[in-house]
Engineer: 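I'd like to ask you about the structure that follows.
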Amino acid sequence: MNALIVAGVLLVLLGVSYQTGWSKSRNLATANGVKVHSRPQYHGSYSAIWTMIPALVILLLWAWFGGGIARDYAVSQIPQDTLLALDQAGLNNALNRINALASGYGVAGDVAPWEQAAGSAVRSFNFLTFAGMLVLAVVAGGAGLVYARSRITARLRARNTVERVISLLLLACSGVAILTTVGIVASLVTEAFRFFTFINPIDFFFGTVWAPNNAGGANHGQYGLLPLLTGTLMITAIAMLVAVPVGLMAAIYLSQYAPRGFRAVVKPFIEILAGIPTIVFGFFALVTVGPFLRDFGNAIGLNINATSALTAGIVMGIMIIPFVSSLSDDILNQVPRSLRDGAYGLGATQSETIRNVLLPAALPGIVGAFLLAVSRAVGETMIVVLAAGNSPILRGNPFEPVSTITVSIVNQLTGDTDFTGPQSLVGFALGLTLFVVTLCLNIFALYIVRRFREQYE
Amino acid sequence: MDMLAGKIKTTSQNLDSAMNPTDMLDRQIRLTARDVTVHYGTKQALHGISIDIPDRAVTAFIGPSGCGKSTFLRCINRMNDTIEGAKVGGTIKLDGEDIYSPDLDVVELRARIGMVFQKPNPFPKSIYDNVAYGPRIHGLARNKSDLDEIVVSSLRKAGLFEEVKDRLQEPGTGLSGGQQQRLCIARAIAVGPEVILMDEPCSALDPIATAVIEELIDELRENYTIVIVTHSMQQAARVSQRTAFFHLGHLIEQGPTEDIFTNPVNKQTQDYIMGRIG
């Protein structure tokens with residue numbers, strides 16, 4: 001309700017301020033016959049900016065600090081002796097009850113008289129502060145509007161100001177992405193460091209045994225990364241062995257050989273494959289592919305486990321086919337037609353043209369597509385949880401169950417976690433490792449792409 | 001339609017009688033086209049084109065944009081096959097052999113009829129590999145030194161060798177526009193074609209590079225049958241011996257270049273040459 005009121009008030013402010021600037025600008029233009037620097041829309045936007053920024057600043061300040069003030073007020077409404085008898089959890093509980101009473105939701109159990117009194121006090125406090133804040137925001141906005149209107153003259157460079165504000169807005173949006181990345185990395189790094197206060201980094205990075213003691217206690221268990229890393233890399237390698245040839249050849253067929261009608265039908269189908277949730281691929285691995293591989297292995301005398309690196313890798317490969325094929329298809333289509341014509345004009349056959357001209361020209365993009373697919377495979381979780389067997393033991397046989405970094409993070413962080421011991425903090429160290437691996441792959445991809453660009457353009 | 005066919009007949013009769021003995025009589029006809037039509041989907045792009053193209057001479061196709069001159073050029077080496085929905089009718093014969101016959105191998109045809117495109121389109125390979133590409137796929141060289149010889153002589157014929165001899169292994173895309181276009185000509189020559197088709201080969205080049213290419217075309221005329229599409233009438237006048245004027249998918253007039261430019265029979269040709277159409 002309150003959010004709706006705020007949004008409504010802001011919209012009204014926006015409309016009024018834009019209209020004010022716009023009409024003043026129109027009057028300037030018609031009254032004096034002078035040349036106005038900016039178009040009326042810019043004057044409208046200019047006064048809207050001057051109105052909205054002060055109003056929004058006040059609303060933001062309230063959003064940040066209002067909660068704390070309201071809490072302090074609610075605490076002050078609890079009788080002194082009751083307050084002294086409450087511990088931290090009891091205080092939180094009491095505040096929750098007061099707030100529930102204030103907002104009219106009602107609470108479980110009997111309501112003490114002081115709770116009732118505090119509830120109604122908080123209710124009126126909340127109403128007053130909300131109304132006050134809103135009035136303040138409107139007044140600030142109005143002041144901004146008056147100021148902006150007084151500044152609007154024929155010579156005011158409103159267009160430049162508006163453009164500048166818009167570019168700042170765009171900068172702020174790109175800043176969100178950067179800040180998020182920095183924040184996530186920082187939290188990963190600090191928590192990983194906390195983990196390393198329990199476990200020696202050497203034991204983590206080079207340990208060959210993964211046996212966390214999840215029961216807690218003085219013995220933390222062993223946290224060797226290598227079994228997980230080899231599992232991850234093995235599954236990724238198998239997935240790429242499936243996805244790269246199939247995906248690339250599908251892309252070549254679709255972009256070069258397929259009739260237009262066939263392509264129009266098949267391409268969306270492949271893209272639907274990319275839209276299937278990975279957990280569904282996980283069922284598919286567990287129910288169909290795993291047993292099939294086991295029976296197939298029996299038939300030819302190989303001992304293949306139903307849940308193994310091979311099962312997870314093949315299904316993951318199928319999952320990332322659309323990434324490889326769709327991206328490669330786009331990239332092949334971007335190779336200029338003139339290059340293809342040049343090869344045909346020399347009497348090259350279609351396959352010669354593709355092998356000798358199109359693929360080399362598209363190589364940087366195709367390598368980029370592959371590495372994107374690898375990043376995807378390294379970070380994939382659900383298929384591996386279901387189909388890889390969850391067996392964190394160091395071994396090189398793809399027919400045996402393995403575990404991966406992502407699966408171990410899931411195992412360590414599900415259930416009750418308090419982030420005080422290495423049992424759960426290891427999740428951050430594993431996450432950091434995964435992040436570094438993917439980052440290295442991306443850097444490598446960029447390097448490859450640049451190198452070939454220089455050679456070819 | 002009848003009127004048009006009659007017009008073509010009269011103009012070609014005119015040509016036959018107007019042929020200068022020293023200029024045309026000793027030249028045999030390499031390419032003959034009769035009633036060639038092209039449809040792109042339901043749209044007809046060419047209407048009954050009939051023309052004879054002589055050996056060891058430059059034939060220029062001129063006309064305003066969209067008149068079908070490039071479309072007709074692309075019929076001659078069947079490049080229109082690569083465009084979806086394009087349908088070619090009529091007959092085109094190279095040395096009496098129908099190039100649209102089902103028995104004909106289009107790969108072999110394109111080796112005999114080379115093509116140079118509007119925009120220089122070197123492959124993303126080294127200069128050497130660009131020129132060696134055609135000989136390689138057609139197996140023209142028995143060994144490395146054979147191939148080297150083909151590459152060097154093709155670059156020489158294209159007048160590029162002296163400029164690039166020290167950097168044959170550098171990417172062909174690093175050359176200037178005019179050099180790239182000569183590289184593309186060398187690439188076409190390397191396959192040993194009999195006919196070279198050029199689709200506005202100078203339209204992306206500056207005047208100096210254009211002059212170099214035009215000189216080159218003039219030299220190549222001694223060994224090849226050349227067909228050039230150009231939107232520059234001056235260029236047609238400078239490099240060609242025969243000119244054909246296309247308009248709206250029809251072949252309006254053809255004949256010795258000199259006659260077309262000094263004494264056009266058709267009113268539309270006259271208008272185009274005077275700069276009133278196009």
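Sequence lines set the chain letters: A, B, ... in the order given, protein chains first and strands last, and positions in each chain run from 1. Bear in mind that the values here come from a model prediction, so they are computed numbers and not experimental data.
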Engineer: Between B:L197, B:T82, B:V116, which has the largest tally of heavy atom pairs under 4.5 Å with chain A?
Structural biologist: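 When all of B:L197, B:T82, B:V116 are compared, B:T82 has the most.
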
Engineer: Does CZ belonging to A:R164 count more than 12 external heavy atoms closer than 6.0 Å?
Structural biologist: no

Engineer: With only heavy atoms counted, which part of B:R187 is less than 4.5 Å from chain A, the side chain, the backbone, both or neither?
Structural biologist: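 Both parts, backbone and side chain.
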
Engineer: Between A:R337 and chain B, with a heavy-atom cut-off of 4.5 Å, which part of the residue counts as in contact: side chain, backbone, both or neither?
Structural biologist: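 Contact with chain B: side chain only.
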
Engineer: Specify which of A:D341, A:L339, A:V357 makes the most heavy-atom pairs with chain B at under 4.5 Å.
Structural biologist: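 Ranked by heavy-atom pairs under 4.5 Å with chain B, first place is A:D341.
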
Engineer: As an exercise: rank B:M115, B:R110, B:K119 by heavy-atom pairs under 4.5 Å with chain A and give me the winner.
Structural biologist: B:R110

Engineer: Any chance CD of B:E149 has more than 12 other-residue heavy atoms, nucleotides or ligands included, within less than 6.0 Å?
Structural biologist: no

Engineer: Spell out, as yes or no, whether a donor-acceptor pair under 3.5 Å connects the side chain of B:H138 to the backbone of A:L346.
Structural biologist: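 Between the backbone of A:L346 and the side chain of B:H138 there is a qualifying donor-acceptor contact (under 3.5 Å).
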
Engineer: Under 4.5 Å heavy-atom distance to chain A, tell me which part of B:I189 shows up: side chain, backbone, both or neither.
Structural biologist: neither

Engineer: Could you state the interatomic distance from OH (A:Y344) to CG (B:N77), rounded to the nearest 0.5 Å?
Structural biologist: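 Rounded to the nearest 0.5 Å, the OH-CG separation comes out at 13.0 Å.
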
Engineer: What part of B:F123 is in contact with chain A, defined as an atom under 4.5 angstrom from a non-hydrogen atom: side chain, backbone, both or neither?
Structural biologist: both

Engineer: Is there a side-chain contact between A:E352 and B:Y133 in this structure, where contact means two heavy atoms from C-beta onward sitting under 4.5 Å apart?
Structural biologist: yes

Engineer: Give, for atom CD1 of B:I137 and atom OG of A:S351, the distance between the pair rounded to the nearest 0.5 Å.
Structural biologist: 10.0 Å

Engineer: Just by modelled atom types, is the A:N356 backbone N or O under 3.5 Å from a matching donor or acceptor in the B:K125 side chain?
Structural biologist: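 It does hold such a pair.
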
Engineer: Which atoms of B:P122 are under 4.5 Å from chain A, going by heavy atoms: the side chain, the backbone, both sets, or neither?
Structural biologist: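 Just its backbone gets close to chain A.
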
Engineer: If you count the non-hydrogen atoms of other residues, nucleotides and ligands that lie under 6.0 Å from CZ in A:F444, is the total more than 12?
Structural biologist: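 Count not over threshold, so no.
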
